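These notes are about the structure you will find just below.
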Amino acid sequence: LLVLLSVAGVLDVVDLLPLLVMPWTWGVVTGLGLVTWAYEGRTIRRWGERILGFLILVYLFVGVLAAEKLIGWLQALPPAIGEVVVSGLLLAHRYNPFSVMQFWLEPVQGWMAAHEAWPAWERMVWLEGLALATALVLLHRAAHRLKAHFRELHYAPLSIAAAADRDAVGDRPLSWWAVRRVMEYSGRVNLWLAGGFGVLYALFTLAGPHWPPWLGRSVFQLFNDRAGGIPAVAAALVVLAAVPAAFQYGLWDSNTQDRCRRLELLLLTQLEPRDYWDAAAAAAWRRGRGYFLVATLLWLADGLSRILAALDAHAPDVGVIVGREALRFGHAMAVATILWGLYFALGFRAFSRGLHANGLGSLLTLGVPLLAFVLTRVGGTFWGALMPPGAVYWAAAAGPTAATALGPCLAAGAALLLARHGLQQCDRELRAWYDRHHGAKVLD
């Protein structure tokens, strides 16, 4: 793609350097950062979450609440503190991969002039140096923590406090274990970010024209005008809630050897197909329910804002508007539940048949939403609503209509058929998979 853009004259040959190098180096930093985070001990990870939580608060205040009003906010600070804050914000704004690449690709007159080209080179060199240094530090730390992490994961004794914080096993041990497994790295930071923005977006929607003038509104207006508003944001959150359902984090193992070892124990235990189903569902719902809750909050705020606007305008048909918004909210909740159920049924079938979860999960959470967007732009509401993510969007944007009914009905029927077939064939397919692969586990 980059070569074609270069041949077509859209990009200069020298532009290929940042477009090839920067995504790779910062992808390395991201990957090594996740590995290092996974290998760290509980104490460091706990303090790391607190630091990231503080940074999220800074982002929500500076980038969302203040936004275009930031200058006015900073003027209220003492001059010395304001200068430090401004310098830090400008540094973070200028020296990050996205801003550096944007600055590099901005059209200028006489690009080959040294006084115009050097600032872009300077920013890229400094940022790439920082990326390489960070990658080396993370690589060293991950290598240093590898053995310690293995010992803590498999041999470290459970402390009394940690054991007291865990839920009782109860009469569903497989479900208890699956939930505990997915919550080891729960992704709370992502949920805090989505939840914080969702709460602020809901408050902005409810306030409407009464939003305080000293607070920023450009970020929210950008979503309302160009990104589909609350229906699009809520649909994206529902897809995020369904990610654990599609990938089956609770029961899935990353390789044949680990799966064979686990099935050696599970298949010798008196477990019914419903036990596997309940365990996978409990783990998937526990991991994704926060995003579903934020989407519900946004739908409620959207409906209440229309009701409040009707009350302010003294509309005579307020009761009709309340009923219509209640029906819209119920329809959105139902379609979102169907999407989650369909994705879970597909993921469970992949689990029981031994299919690789990454391919199916990526298709459901990235490919299908992209297809829904394309169908909506090309064919309109009816074709977009045939895809589950598009149906969730149109359920909140247009409400229950004939054009948006077929897609959810087909998805609900497919989910029920897949669930019934999956429960009937689960035990047989697990045993058949084990029979085919248990002899290869040593070779792997």
Side-chain angles (χ1 to χ4, degrees), residues 167-184 239 241-289 337-368 387-388 407-444:
D167 297 331
V169 177
D171 56 354
R172 296 168 61 189
L174 187 60
S175 297
W176 172 85
W177 171 80
V179 171
R180 178 184 170 187
R181 185 186 189 189
V182 299
M183 297 307 292
E184 179 70 18
V239 173
V243 166
F247 281 88
Q248 294 287 302
Y249 295 136
L251 299 179
W252 192 265
D253 292 290
S254 59
N255 56 67
T256 302
Q257 184 177 7
D258 288 343
R259 192 166 200 227
C260 285
R261 289 173 176 174
R262 199 172 308 284
L263 287 178
E264 284 178 355
L265 174 63
L266 295 179
L267 294 178
L268 291 175
T269 309
Q270 293 183 352
L271 293 174
E272 301 293 332
R274 185 59 184 267
D275 296 319
Y276 294 102
W277 178 277
D278 291 342
W285 177 245
R286 179 68 176 271
R287 187 68 183 266
R289 63 186 182 182
T337 304
I338 291 172
L339 180 145
W340 194 94
L342 176 62
Y343 279 29
F344 176 78
L346 288 169
F348 187 79
R349 287 288 293 138
F351 157 75
S352 62
R353 297 179 63 189
L355 300 178
H356 208 285
N358 289 341
L360 176 65
S362 299
L363 174 64
L364 294 177
T365 57
L366 296 176
V368 175
M387 296 293 102
C409 290
L410 294 175
L416 291 175
L417 291 175
L418 286 169
R420 181 178 180 182
H421 186 70
L423 286 172
Q424 289 176 346
Q425 303 296 325
C426 174
D427 187 75
R428 184 185 66 81
E429 290 178 339
L430 286 175
R431 294 181 184 277
W433 186 93
Y434 181 77
D435 289 339
R436 291 194 305 269
H437 294 87
H438 76 283
K441 66 177 183 178
V442 178
L443 298 178
D444 292 343

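In this chain, residues are counted from 1 in sequence order. Just so we're clear, the structure is a prediction, and the values are computed from it rather than from any experiment.
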**Study point:** Test: Asp427 and Arg431 ion pair at under 4.0 Å
**Key:**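 Result for this pair is yes, salt bridge flagged.
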
Looking only at heavy atoms, which two atoms of [X] and [Y] are closest? And how far apart?
X: Ala241; Y: Gly288; value: CB-O, 3.2 Å
X: Ala283; Y: Ala178; value: CB-O, 3.7 Å
X: Trp340; Y: Ala242; value: CD1-CA, 3.8 Å
X: Ala284; Y: Phe344; value: CB-CD1, 4.4 Å
X: Thr365; Y: Ala246; value: CG2-CB, 4.4 Å
X: Leu418; Y: Ala345; value: CB-CB, 3.8 Å

Say you draw a straight line from [atom1] of [X] to [atom2] of [Y]; how long is it, rounded to the nearest 0.5 Å?
X: Trp433; Y: His437; atom1: CH2; atom2: NE2; result: 5.5 Å
X: Gln270; Y: Asp275; atom1: CD; atom2: CG; result: 10.5 Å
X: Arg259; Y: Leu430; atom1: CZ; atom2: CG; result: 6.0 Å
X: Glu429; Y: Ser352; atom1: CD; atom2: OG; result: 4.5 Å
X: Cys426; Y: Arg274; atom1: SG; atom2: CZ; result: 12.0 Å
X: Arg428; Y: Arg353; atom1: CZ; atom2: CZ; result: 9.5 Å

Practice item. Starting from the C-alpha separation in whole Å, work towards a yes-or-no answer on side-chain contact (heavy atoms from CB on, under 4.5 Å) for Leu251 and Leu174. Key: CA-CA 9 Å; Leu251 299 179; Leu174 187 60; 4.2 Å; yes

Non-hydrogen side-chain atoms of [X] and [Y] separated by less than 4.5 Å:
X: Leu355; Y: Leu360; answer: no
X: Tyr249; Y: Val243; answer: yes
X: Pro244; Y: Trp285; answer: no

Point to revise | With sequence neighbours excluded, residues passing ring-ring contact (aromatic ring centres under 6.0 Å, His included) with Phe348 | key: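 Checked Phe348 against ring-ring contact (aromatic ring centres under 6.0 Å, His included); matches are Trp277, Phe351.
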
**Study point:** Atom CZ of Arg262 with >12 non-hydrogen neighbours under 6.0 angstrom
**Key:**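 Yes, enclosed.
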
Practice item. Mark yes or no for whether Tyr434, through its side chain, and Leu263, through its backbone, hold a donor-acceptor pair below 3.5 Å. Key: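 It does not hold such a pair.
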
